[in-house]
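So the structure is just underneath, and the comments pick up after that.
In what follows, every heavy atom counts, from backbone to side chain, and hydrogens, waters and symmetry copies are set aside.
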Amino acid sequence: MNRVNTCVGALRMSPRWGRLASRHLTIVTYTGRRSGRTFSTPVGYRRADGVVTIGVRMPEAKNWWRNFTGEGGPISLHLDGVDQPGHAVARRDEKGRVTVTVRLDR
């Protein structure tokens, strides 16, 4: 997974493809609940009216979204060239799909 994340991060920063990739990919930064460490990871997203929706693919293979279960927690997303803070909440539906909803601070 680290190799994929590195490649996606490089794609976002690419002079040739970065602008196109940034429309659908962002970097989320958050603090781990248990470790207290800061982590960053690339994710696909959709944005509408100050709300960002992140569909977590293969949620059983990933841990980052688990930091936002229950009441959720603070998160930062790199959008439009700047880090934008918000509050993220992760939900799992009846089919096991996970969606993280981020309400951006204004």
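- Taking the six-membered ring where the residue is Trp, Tyr30 and Trp64 present tilted rings, their angle falling between 30° and 60°.
- Judged as a side-chain hydrogen bond (donor to acceptor under 3.5 Å, both in side chains), and not counting sequence neighbours, Arg103 has no contacts.
- Distance alone, capped at 3.5 Å, is enough to place a donor-acceptor pair between the Arg33 side chain and the Asn67 backbone.
- Annotation: the span from Asn63 atom CG to Arg34 atom CZ amounts to 8.0 Å, rounded to 0.5 Å.
- Put simply, the residue from Leu77, Val43, Ile75 that forms a side-chain contact (heavy atoms from CB on, under 4.5 Å) with Val52 is Leu77.
- Within the 3.5 Å criterion, the main-chain N or O of Pro59 finds a donor-acceptor partner in the side chain of Trp65.
- One finds the CZ atom of Arg47 at 11.5 Å from the CD1 atom of Ile54 (value rounded to the nearest 0.5 Å).
- Applying the side-chain hydrogen bond (donor to acceptor under 3.5 Å, both in side chains) criterion to Arg46, with sequence neighbours excluded, gives no partner residue.
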Run the numbers on Tyr45 and Leu79 for side chain to side chain contact (heavy atoms under 4.5 Å, CB included), then give the verdict.
-> CA-CA 10 Å; Tyr45 74 97; Leu79 300 168; 3.6 Å; yes

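- Interatomic distance, Thr26 OG1 to Asp83 CG, rounded to the nearest 0.5 Å: 8.0 Å.
- Considering OG1 of Thr99 and CZ of Arg92, their distance stands at 10.5 Å, rounded to 0.5 Å.
- Between the side chain of His78 and the backbone N or O of Thr29, no donor-acceptor pair lies under 3.5 Å.
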